[in-house]
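Data block below; observations after.
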Amino acid sequence: MSKKVLIPLAQGFEEAEFIGIADVLKRAAHLSNALEVVIASLDKELAVQGANGITIQAECVLDSLQLESFDAIALPGGFEGMNALKKNAIILNTIKQLHSQGKIVAAICASPIVLNEAGVLEGEFSCYPSCENGLNGTRVEKAVVVNKNVITSAGPATAILFGLELVKKLCGDEVYQTLYNGMLVPLSKQG
């Protein structure tokens, strides 16, 4: 049975993180045929501009989705984007609902703040340095932290590793390992 993951796109998102997450998940979807990746704009404007002036086209509008059918949500960072996600009641309710069902809630960079706002952040987590101020739990200096069904990551350079961790949880070790090797992650660990 196919699993569905939502990547919400908010004005001011961090482009490298969004692309890292979306690209890895889309690759997994093509490889496994067991994953559906949905990129949704928070509002009716499908063309969403990121923090560095790069515009990405969302596939649909958030309020057009049946959110109870999703198995995961992955939040890109970017301070302005994170603030828009944090103020969006649909996003917060989706995080709460997925978390209460033991489904994956994931965030990178500044967006663990959104998980905290939804009341699901506790224990160890990763985020961009200084974004941990005032959050529940303890920030650790790691690229990716898996804490039960909550997955967090540090920032732009860790986005592909973050995406791969989501693939491992949603599609299994075989698809994860194929992408890990195929995307040359072992080379990035040299020197």
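Heavy atoms only: backbone and side chains are in, while hydrogens, waters and symmetry mates are out. Just so you know, these numbers come straight off a predicted model, no measurement behind them.
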### Note, Ile56 side chain near Val48 side chain (heavy atom, < 4.5 Å)
no
### Task
May I ask whether Ile160 and Ile104 are part of the same hydrophobic cluster, defined by side-chain heavy atoms of I, L, V, M, F, W, Y residues being less than 4.5 angstrom apart, directly or through others?
yes
### Query
How about Thr152 and Asn147: do any of their side-chain heavy atoms sit closer than 4.5 Å?
no
### Query
Going by heavy atoms in the side chains, are Pro129 and Arg139 under 4.5 Å from each other?
yes
#### Entry: Side-chain heavy-atom pair Val144, Ile108 within 4.5 angstrom cut-off
no
### Message
Tell me if the CD atom of Gln66 is crowded by more than 12 foreign heavy atoms within 6.0 Å.
### Response
no
## Note on the structure
CD (Glu117) and CG (Asn136) are apart, to the nearest 0.5 Å, by 11.0 Å
### Cluster check Phe18, Leu46: I/L/V/M/F/W/Y, side chain < 4.5 angstrom
no
### Task
Tell me whether Leu9 is reachable from Met82 by hopping between hydrophobic residues (I, L, V, M, F, W, Y) whose side-chain heavy atoms are closer than 4.5 Å.
no
### Message
Would you say that Asp173 contacts Lys168 through its side chain, given a criterion of any heavy-atom pair below 4.5 Å between the two side chains?
### Response
yes
#### Entry: Neighbour count above 12 (heavy atom, 6.0 Å) for Tyr180 OH
yes
### Message
Could you walk me through whether Thr138 and Glu132 satisfy the side chain to side chain contact (heavy atoms under 4.5 Å, CB included) test, starting with their C-alpha distance in whole Å, then the side-chain angles of each, then the deciding distance to 0.1 Å, before giving a yes or no?
### Response
CA-CA 8 Å; Thr138 306; Glu132 74 274 14; over 6 Å; no
### Task
Decide yes or no for Leu115 and Leu75: does some side-chain heavy atom of the first lie under 4.5 Å from some side-chain heavy atom of the second?
yes
### Task
Following the transitive rule for hydrophobic clusters with a side-chain heavy-atom cut-off under 4.5 Å over Ile, Leu, Val, Met, Phe, Trp and Tyr, establish whether Phe70 and Ile90 coincide in one cluster.
yes
#### Entry: Beyond-backbone contact of Ile91 with Leu42, side-chain heavy atoms, under 4.5 angstrom
yes
### Message
Using modelled atom types and a 3.5 Å cut-off, is there a donor and acceptor pairing between side-chain atoms of Glu59 and backbone atoms of Ile39?
### Response
yes
### Query
Considering residues, nucleotides and ligands other than Gln177, do more than 12 of their heavy atoms fall under 6.0 Å from its CD?
yes
### Task
For the pair Ile21 and Leu166, evaluate side chain to side chain contact (heavy atoms under 4.5 Å, CB included) and give the outcome as yes or no after the intermediate values.
CA-CA 9 Å; Ile21 299 163; Leu166 290 165; 4.3 Å; yes
### Flag, side chain of Asn93 to backbone of Ala89, donor-acceptor distance under 3.5 Å
yes
### Query
Is the closest basic N to carboxylate O distance between Glu165 and Lys142 below 4.0 Å?
no
### Message
Counting only heavy atoms not in Glu122 (residues, nucleotides, ligands), do more than 12 fall under 6.0 Å from its CD?
### Response
no
### Query
For the hydrophobic clusters of this structure (ILVMFWY residues joined by side-chain heavy atoms under 4.5 Å, transitively), does one cluster hold both Val185 and Leu179?
yes
### Message
Quick check on Lys169: does its NZ atom have over 12 non-hydrogen neighbours (other residues, nucleotides or ligands) under 6.0 Å away?
### Response
no
#### Entry: Phe125, CZ atom: more than 12 neighbouring heavy atoms under 6.0 Å
yes
### Message
Within the 4.5 Å heavy-atom criterion, are Val175 and Leu170 side-chain neighbours or not?
### Response
no
### Message
Under the criterion side chain to side chain contact (heavy atoms under 4.5 Å, CB included), I'd like the reasoning laid out for Leu98 against Val120: C-alpha separation, chi angles, the key distance, then a yes or no.
### Response
CA-CA 10 Å; Leu98 289 171; Val120 303; over 6 Å; no
### Query
Does Asp71 use its side chain to pair, donor to acceptor, with the backbone of Val5 at less than 3.5 Å?
no
### Message
Nearest 0.5 angstrom please: Lys4 NZ to Glu68 CD, how far?
### Response
9.0 Å
